[in-house]
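To start, the structure itself, in structure tokens.
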Amino acid sequence: MTLIKIPTLDKDSLGQKITVSGWVENIRDHGGVIFIDLREGNEILQVVVEPQNKDIFEIAESIRNEFVITVSGEVKERPKGTVNEKMITGEIELNSSELSILSKSKPMPFQLDEYVKVGEETRLKYRYLDLRRSEMQETIKTRSKVSNEIRQFLISNDFIDIETPMMTKATPEGARDFVIPSRVNQGSFYALPQSPQLFKQLLMISGFGKYFQIVRCFRDEDTRKDRQPEFTQVDIESSFTSTEEVMTLGENLIKEIFKKALKIDLKDFPVMSYSESIERFGSDKPDLRNPLELIDVKDIFTESEFKVFSDPAKNRKSRLVALKISNSLSRSQIDDYTKFVGNYGAKGLAYIKVNDENDLKEGLQSPILKFLSEKEIASLSEKLNFSAGDTVFFGAGHKKIVNESMGALREKLGEDLHLIDKDKWAPLWIKDFPVFDEAEDGSLTPSHHPFTRTSGNLETLEKNPAMAIADAYDLVLNGYEIGGGSMRIHNSEEQRKVLSILGISKEEADEKFGFFLEALDYGCPPHGGIAFGLDRLVMLICNKNSIRDVIAFPKTQSAYCLMTDAPSNISDDELKELAIKSTLKPKD
RNA sequence: GGACCGGUAGUUCAGUUCUGGUUAGAACGCCGCCCUGUCACGGCGGAGGUCGCGGGUUCGAGCCCCGUCCGGUCCGCCA
């Protein structure tokens, strides 16, 4: 008898004498006959223990859930009427002749079956048990499959996989670095990479024209359901390439993954400019499954008496938008949404309820009606196509706040009103990002890393930075940014200029990436690339709500590992060796 | 740093506000006995609780108040 894997068993195995091992999923002890569901991976085989064989029957009686056992016997057809159609191996069973316990188990801290929902805190504490559940087994296998498809696709397109250091120098992405103290060079620190950005560009200079890596990245920022302190990127870079070429490659890669992992053929991805996306959705990562759009109504209110509308209508830096839904909401629902937009800095949420679209006097309901002229209301009704039962929300104020609050409201309403078709896939490219983001006070902050090439000429960047457009692109899927990249600057003069425009001094530039600026002087090919967030991609493919569900050992919102209790203290000796002293006062 | 939701048996929850009051319940799981064709087996019986933690109000607190810790969602942060 040889050891057989449960997943390979089927009716062809009938009559075979086999040995199988696995975990006990469930036991049904009928006193006379005992059924054991033996699990390996997420396949289950029914083992029958009959009382004639006294020795093993006694052992079988002592078996509990999640014991690891090994069983030998003959594969038999199940008696008529006892076939279980829900099981892949439901037509066969193993009639045991030998049975032994390889490892006992305490009762599980939570049930591993699908019938009781378990809180995430418990699951994360015992993640190794959580991972036994078939749902998690499936997810982790899908992730492996996706990684494998990515490798195959890129390698077959002549990309080569090159590893880059984990212990490196602080990188320029703009997030906080995780830091490793050096013992040999006391007082100095390595940083964990926020991405291999500079290394992949250096590899272009080295002449590796097509690079990729599936690589862990680290950012010491607060987490979200789609953000962990460590996450995985599919990092890609090519020399002598173009925006179009990189986008085509990225698009084909995603299409290939969907074909292989989900057997879905995605249509060509639409391309939208950043400004159009912001105009229509208030977001640079719109979920196109959501039919709601922001409608600009500035033109109606430029001359209005109602200052809340006319001020932003006249101001270049402001927006005035309407968002119409075909639902009548209660007062308390509207209050909740008002509170909701308040989180994004909106000072209020004006609304109009349409009870009768043919009577614009009595048929409308709103606290702001008394401030609006008949003409304004008529124009609104025409532009928004009022009909009975509609509710119209308004966002007015500084562009950034209106975009963020109304964009978020659009998403929330889409979710709350079930306007989103969860079975659909809505990928799109967003292009033509501004080089800078403009804050409410007019100040500029770089929106990309400083190695991104500008689409126009450098003069625009210098003279009118707020208008400068980056040669960059993001891939958005169902409202998540799953990838992004750009064409890079490939000469040191231009790079230095951009750094200075971004407000980075020559000294700082030389200290932080002098090595890179120098490298640009030794024959740098034009190059560009893209990086995908593997965790988010797999999360969407597996239809999960959080990347924690597609990471084998994730951390909590406070970046803590409930299983290992990391991070934790280190001894005084270790600290001394590293020449580090804590400034924390000991708690009493 | 901030807002909101949650923390009660091993697990998932009810009880908690409006209305504090004898012994804190259910389901699943666990333990024991019975049961020869079940498959979320069934039947009978049983054990199991610092109500996250600390303080306060009260004759009396799971419930009210204050603080704090943990988990989650979000803002800030993260191009």
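Proteins get letters first, then strands, A, B, ... in listed order; numbering begins at 1 in each.
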Identify whether any heavy atom of [X] sits under 4.0 Å from a base atom; if not, whether one sits that close to sugar-phosphate; answer base, sugar-phosphate or nothing.
X: Phe340(A); result: nothing
X: Arg64(A); result: sugar-phosphate
X: Pro79(A); result: base
X: Gln557(A); result: base
X: Lys339(A); result: nothing
X: Asp220(A); result: nothing

Give a yes/no answer on whether the side chain of [X] brings an N or O atom under 4.0 Å of OP1 or OP2 in [N].
X: Thr223(A); N: C74(B); result: no
X: Ser546(A); N: G72(B); result: no
X: Arg227(A); N: C74(B); result: no

Taking N and O atoms by type only, does the side chain of [X] place a donor or acceptor under 3.5 Å from a partner on the base of [N]?
X: Arg224(A); N: G76(B); value: yes
X: Glu121(A); N: G52(B); value: no
X: Arg28(A); N: C35(B); value: no
X: Asn343(A); N: C75(B); value: no
X: Gln46(A); N: U38(B); value: yes

What's the gap between [N] and [M] when it is taken at their [atom1] atoms, as a whole Å value?
N: U50(B); M: A9(B); atom1: P; answer: 8 Å
N: G25(B); M: C65(B); atom1: P; answer: 25 Å
N: G49(B); M: G15(B); atom1: C1'; answer: 14 Å

Worksheet entry | Aromatic Tyr480(A) / basic Lys285(A) pairing, under 6.0 angstrom, 45° off normal | no

Item to complete: Grab the CZ-C1' distance between Arg123(A) and G10(B) for me, whole Å please.
Response: 17 Å

Worksheet item: Do we see a donor-acceptor contact under 3.5 Å between the side chains of Asn65(A) and Glu25(A)?
Response: no

Practice prompt. Output yes when Lys125(A) and Glu121(A) qualify as a salt bridge under the 4.0 Å nitrogen-oxygen rule, no when they do not.
Written response: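 Looking at Lys125(A) and Glu121(A), the cut-off is not met.
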
Discussion item. I'd like to know if Glu511(A) pairs up with Lys169(A) as an ion pair, taking the criterion as any Lys NZ or Arg NE/NH1/NH2 lying under 4.0 Å from an Asp or Glu carboxylate oxygen.
Written reply: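 Result for this pair is no, no salt bridge flagged.
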
Worksheet entry | Gly90(A) backbone acceptor or donor facing Arg78(A) side chain under 3.5 Å | yes

Fill in: Pair assignment for U12(B), Watson-Crick or G-U wobble, requiring both distances under 3.5 Å
A26(B)

Worksheet entry | RNA chain B: 5'-proximal contact among Asp222(A) and Glu120(A) (nearest heavy atom) | Glu120(A)

Worksheet item: What's the closest nucleotide to the Val116(A) side chain, out of C28(B), G37(B), A79(B)?
Response: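 Nearest to the side-chain atoms of Val116(A), counting from C-beta on, is C28(B).
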
